[in-house]
Amino acid sequence: MQVLQKTQTIVRYQNYNGKVYYGIVEDDEILQLSSNFTEIINNELKFDGIRVKYEDVKIVEPVAPSKVINFGWTYAAHAKETGGTANLKEPFLFLKPTTSLIPDRGEIVLPPSNLTQQVELEGEVALVIGKRGKNIKEEEALDYVFGCTIFNDVTARDLTQKDPQFTRGKGFDTFGPLGPWIVTGINPTNLRIVTTLNGKVVQDGNTNQMSLAIPYLISWVSQIMTLEPGDVLATGSPSGSCPMKSGDSVTVEVENIGKLCNYVI
């Protein structure tokens, strides 16, 4: 069996036989791997000899995390536009259930109007943890990141603005689009994020604008909870969050990663 060198773009998908695989994206094809996630993060990328067309398979979430950790109000302008606190001294922390996750091209399902009437988009860079960590030193924090992906922190704004904590407004099924893949070997601290709604740019920011640095966020949260391989850390949204309605199409594009596209129903 051929052992591949470490590559940058790793996707997770369901093949024609119904089984879920990891693979390496090369142009319009995927090199199917026999490796599991543990082997992949240890750079044991084993090509099983099968190539599939990207368009012929079902793309699923790029990882199955034990938890989805979210940092709020890490961009001052977004904090101000949503009624939060800008330039926090410590992160604003919340979790999303794994049942909120959907893949690229998945459908964001709006809850009934009696539950919420203001569902908004939030395009973000997300980190995928590559090794177990507790009490991580800030100067070593990026060593724990396996790669980067894209996240849309879909939010029922009317609920987060009145609830004492964010679980309800952030936790609906389908409120966590993630993907389309994981890109390794890039620095997450200087990445442009552009979100479009029906082709119109509504967010345009960069992770270098964050009021709390990404290594600090990783170190800080590791003092609270152990980070496990595959965990997703969503680093927060720049300004421009806005409502979505049924029939809308939203795309979050992050430089050096790609595009996460979802439809609203």
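Linking ILVMFWY residues whenever their side-chain heavy atoms come closer than 4.5 Å, directly or via other members, places V68 and I41 in the same cluster. In this structure, I129 is a member of the same hydrophobic cluster as L142, with clusters built from ILVMFWY side-chain heavy atoms closer than 4.5 Å. Note on I265: it does not cluster hydrophobically with L197, by side-chain heavy-atom contacts below 4.5 Å among ILVMFWY residues. A continuous path of hydrophobic side-chain contacts links L88 to F166 [ILVMFWY only; heavy atoms under 4.5 Å]. Residues V183 and V194 fall into different hydrophobic clusters, defined by Ile, Leu, Val, Met, Phe, Trp and Tyr side chains chained together at heavy-atom separations under 4.5 Å.
The closest side-chain donor-acceptor pair between D158 and T116 falls under 3.5 angstrom. The closest side-chain donor-acceptor pair between N208 and N206 falls under 3.5 angstrom. Checking E81 against S241 by side-chain atom types alone, no donor-acceptor pair falls below 3.5 Å.
Among residues two or more places apart in sequence or in another chain, the ring-ring contact (aromatic ring centres under 6.0 Å, His included) test is passed with Y13 by none. Residues meeting the side chain to side chain contact (heavy atoms under 4.5 Å, CB included) test with A86, sequence neighbours left out: A76, A79, K80. Considering only residues two or more places apart in sequence or on other chains, E120 meets the salt bridge (charged side-chain N to carboxylate O under 4.0 Å, His left out) condition with R157. Residues that satisfy the salt bridge (charged side-chain N to carboxylate O under 4.0 Å, His left out) test with K170, not counting sequence neighbours, are E122, D153. Remark: E253 engages K259 in a side chain to side chain contact (heavy atoms under 4.5 Å, CB included) (not counting sequence neighbours). For the side chain to side chain donor-acceptor pair (under 3.5 Å) test, residues two or more places apart in sequence or in another chain that qualify with D231 are S66, K67. Applying the side chain to side chain contact (heavy atoms under 4.5 Å, CB included) rule to P177 yields the partners I102, I108, N152, V154, L260, N262; only residues at least two apart in sequence or on another chain are considered. Partners of T235 by side chain to side chain contact (heavy atoms under 4.5 Å, CB included), not counting sequence neighbours, listed by chain and number: V125, L127, M210, I214. In this structure D204 satisfies the salt bridge (charged side-chain N to carboxylate O under 4.0 Å, His left out) test together with R192, sequence neighbours excluded.
Taking every heavy atom of both residues into account, L217 and P91 meet most closely at CD2-CG, 3.6 Å. Nearest heavy-atom pair across L33 and Y21 is O-CD2, 3.7 Å.
Within the structure, side-chain hydrogen bond (donor to acceptor under 3.5 Å, both in side chains) contacts touching residues 127-136 (residues at least two apart or in different chains) are R132-E228. Residue pairs meeting the side-chain hydrogen bond (donor to acceptor under 3.5 Å, both in side chains) criterion with at least one partner in residues 215-226, sequence neighbours excluded, are E90-W220. Screening residues 98-115 for side-chain hydrogen bond (donor to acceptor under 3.5 Å, both in side chains), with sequence neighbours left out, gives E55-R105.
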- Message: Does I40 form a side chain to side chain contact (heavy atoms under 4.5 Å, CB included) with N36? I'd like the steps, not just the answer.
- Response: CA-CA 6 Å; I40 290 170; N36 59 32; over 6 Å; no
- Step-by-step side chain to side chain contact (heavy atoms under 4.5 Å, CB included) determination, T184 to F146: CA-CA 6 Å; T184 62; F146 169 63; 3.7 Å; yes
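Taking the six-membered ring where the residue is Trp, F92 and W73 present parallel rings, their angle staying beneath 30° rather than reaching 60°.
Taking NZ of K245 as the reference point, atom CG of L110 lies at 10.5 Å (rounded to 0.5 Å).
The main-chain N or O of M244 is never found under 3.5 Å from a side-chain atom of D248 such that the two would form a donor-acceptor pair. For T207 (side chain) and L191 (main-chain N/O), a donor-acceptor pair under 3.5 Å exists by modelled atom type. A side-chain donor-acceptor contact under 3.5 Å links Q165 to the backbone of T167. One N or O on the side chain of S35 and one on the backbone of K46 form a donor-acceptor pair closer than 3.5 Å. A donor-acceptor contact shorter than 3.5 Å links the side chain of N17 to the backbone of K19.
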